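Written below as structure tokens is the structure these notes are about.
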Amino acid sequence: MEIYFFYMFAGGMILTSLLMITRANVIHAALLLVLTFFFLAGVFVLAGAEFLAAVQILLYAGGIMVLYLFSIMLMNVEVAVRMRQWHRQGVVVLVAAVLLGLEIWAVLGEVEFGAPKQWEWSLGATPGNVEALGAVLYTKFLFPFEVASILLLASMIGAIVLAKRTIER
Amino acid sequence: MIPMTHFLVLGAVLFLIGAMGVLMRRNAIIILLSIELMLNAVNVTFVGFSRHLADMTGQVFAIFVITVAACEAAVGLAILIALNRDRTMVNVDEINLLKW
């Protein structure tokens, strides 16, 4: 049962992402990427990462993609629809992608992963996914967490400075 | 139970689709969207390994990847808005001021 849902979500993701990279209209591409992220949230739930699934919908589909759509509205995108959409290096890219895909296929055919490990905590004391994630994030990964906040601050200032009309001296 | 290989194949296929989008399209916004797709393909692999190894680290790293993706989206869109201010410049091969 689980595997059929996985195939459904994975097939939906591949279909919508293929449609996304072939659209001429940018807004259609952004909305198709939102759909891809909803399918991805389904894959995360099947993998037992419920918190990431919620973050995927709230933050990615609801935050980052809305930022994209608002920025697209600020730009003049109608002209781009009538222009040539593809680089002239398409054949080279396709050949490289097929070669890379065959390489990954060959490597994955060799590796035997075996049965997945069991979670360490004892039965009956199982913490939820959010609790387990928070316990690791705020102890073992506290320093990377703080570095990520500085990265967010820097990119926020950078975005304001770059998009500002004129910079006062 | 979903085999581990399925997650890896899904991640690889999505990454390849995103890379094709980056290399083949001229529209800068679609290139940014394809980069988001590639970052998410990495997340699929992280979460798959997190489940297989029964280790939370994979999910923590997926959160950091999402953080970096948010930063990249903000800065990339700010650059595109700055480029769009004076005239329409949405194709990456038109932005060639520094090209030798």
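Fair warning: this is a prediction, and the values are worked out from it, not measured in the lab.
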Worksheet item: Top residue by heavy-atom pair count (under 4.5 Å) with chain B, among A96(A), S155(A), A148(A)?
Response: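 Top option by heavy-atom pairs under 4.5 Å: S155(A).
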Item to complete: Considering only heavy atoms and a distance below 4.5 Å, find which of M1(A), R23(A), K140(A), M156(A) pairs most often with chain B.
Response: R23(A)
Which one of [options] has the most heavy-atom pairs closer than 4.5 Å to chain A?
{"options": "V9(B), I79(B), T57(B)", "answer": "T57(B)"}
{"options": "G21(B), C71(B), A69(B)", "answer": "C71(B)"}
{"options": "N40(B), N43(B), D93(B), V44(B)", "answer": "N40(B)"}
{"options": "V75(B), L33(B), D55(B)", "answer": "L33(B)"}

Worksheet item: Ignoring hydrogens and geometry, is there a side-chain-to-backbone donor-acceptor pair from R51(B) to A49(A) under 3.5 Å?
Response: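 No: the side chain of R51(B) does not pair with the backbone of A49(A).
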Worksheet item: Is the backbone N or O of H87(A) less than 3.5 Å from a side-chain atom of R25(B), with the two atoms forming a donor-acceptor pair by type?
Response: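 No, because the side chain of R25(B) does not come within donor-acceptor range (under 3.5 Å) of the backbone of H87(A).
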Does any heavy atom of chain A fall under 4.5 Å from the side chain of [X], the backbone, both, or neither of them?
{"X": "L16(B)", "value": "side chain"}
{"X": "V13(B)", "value": "side chain"}
{"X": "L14(B)", "value": "side chain"}

Cluster link [X] to [Y], ILVMFWY, side chain under 4.5 Å:
{"X": "L31(A)", "Y": "L67(A)", "answer": "yes"}
{"X": "V91(A)", "Y": "I21(A)", "answer": "no"}
{"X": "L151(A)", "Y": "F145(A)", "answer": "no"}
{"X": "F143(A)", "Y": "F64(B)", "answer": "no"}
{"X": "V66(A)", "Y": "F37(A)", "answer": "no"}

Any chance you could measure [X], atom [atom1], to [Y], atom [atom2], to the nearest 0.5 Å?
{"X": "I64(A)", "Y": "L32(B)", "atom1": "CD1", "atom2": "CG", "answer": "11.5 Å"}
{"X": "L52(A)", "Y": "I66(B)", "atom1": "CG", "atom2": "CD1", "answer": "5.5 Å"}
{"X": "F70(A)", "Y": "I81(B)", "atom1": "CZ", "atom2": "CD1", "answer": "11.5 Å"}
{"X": "I2(B)", "Y": "F9(A)", "atom1": "CD1", "atom2": "CZ", "answer": "10.0 Å"}
{"X": "I14(A)", "Y": "L10(B)", "atom1": "CD1", "atom2": "CG", "answer": "5.5 Å"}
{"X": "L94(A)", "Y": "M20(B)", "atom1": "CG", "atom2": "CE", "answer": "5.0 Å"}

Worksheet item: Which heavy atom of A74(B) sits nearest a heavy atom of A159(A), and at what distance?
Response: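 Heavy atoms only, the tightest pair is O-CB, 3.8 Å.
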Practice prompt. Over all heavy atoms of both residues, which pair between M75(A) and L77(B) is shortest? Give the atoms and the distance, please.
Written response: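 Closest heavy-atom pair between M75(A) and L77(B): CE-O, 4.3 Å.
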Item to complete: Verify whether one side chain among N129(A) and Q59(B) offers a donor that lies under 3.5 Å from an acceptor in the other.
Response: yes
Discussion item. Angle between ring planes, F61(B) versus F141(A), binned at 30° and 60°: parallel, tilted or perpendicular?
Written reply: perpendicular
Worksheet entry | Whichever hydrophobic residues join L102(A) through chains of side-chain contacts under 4.5 Å | V98(A)
Discussion item. Can you confirm if the NZ or CZ of R26(B) lies within 45° of the ring axis of W86(A) and under 6.0 Å from the centre of its six-membered ring?
Written reply: no
